[in-house]
Structures are given as C-alpha cells and as structure tokens.
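I have placed the structure first, in the form of structure tokens, so that the comments after it can refer back to it.
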Amino acid sequence: MSRLEQSLIIVAGTMIAYSGTSLADEQVSTAADLTAVIALQGKPCGKVVDAAKRGEDDYVATCENGNRYRVSVKDGRVVVEKIG
C-alpha cells in the first residue's frame, strides 16, 4: 500500500470520526486533512488557511505561503493541482 493510499485511509477515517461535530470543527479538520494530502504530494504549502468545497471530493485550498491548490479525486486517486 502506497503512502498516498495510507493517507487517504487516515483522511477518510478522520472525516467519518468527526462527522457529528460542529461546522467549525469540520472546517479545521478539512484544512488539516488537505494540509496532509498536499504535503504527501510534495507540494509547498506549510498549512492550509482556507478551504472551499467545490463538489464531492473537490476542494480549493489556500496555503499560508499564498499557493492555491485544487485537491480532487479522479479515477480513485487524489490529484493536487496548483492554481495560478
């Protein structure tokens, strides 16, 4: 099992575990999950400071260093694309 697959399992488990929490807690969890996914892809970010959900399994993450990434799932794989 690859590191990406392991991270996705952790992210999915975290999302399920926090599904009953408040919206603020969910946003913090989503930002932390996106931070981990972006780091595992080797992209410079630091920490995600804002995350906008664009669809199911589709987010735009803004990092503390100013970089923006689209994080989505395509054909069962996580894709991280730099925006701009």
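None of the values given here were measured: they were computed from a predicted structure. Counting from 1, the numbers follow the sequence of the chain as shown.
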* Using the test salt bridge (Lys or Arg N to Asp or Glu O under 4.0 Å), find all partners of Asp58 that sit at least two apart in sequence or belong to another chain. => Arg70
* Flag side-chain contact, heavy atom, 4.5 Å: Asn67 against Cys45 -> no
* Could you tell me whether the side chain of Asp50 and the main chain of Cys63 form a donor-acceptor pair under 3.5 Å? => no
* **Which residues share a side chain to side chain contact (heavy atoms under 4.5 Å, CB included) with Val60, sequence neighbours left out** => Arg54, Arg68, Ile83
* Structure fact -> The complete set of salt bridge (Lys or Arg N to Asp or Glu O under 4.0 Å) pairs with one or both residues in residues 74-84, sequence neighbours excluded, reads none
* Asked: What are the two closest heavy atoms between Ile38 and Ala61, and how far apart are they?
  -> CD1-CB, 3.9 Å
* **side-chain contact (heavy atoms from CB on, under 4.5 Å) partner of Val48, chosen from Thr30, Leu34, Asp33, Val71** => Leu34
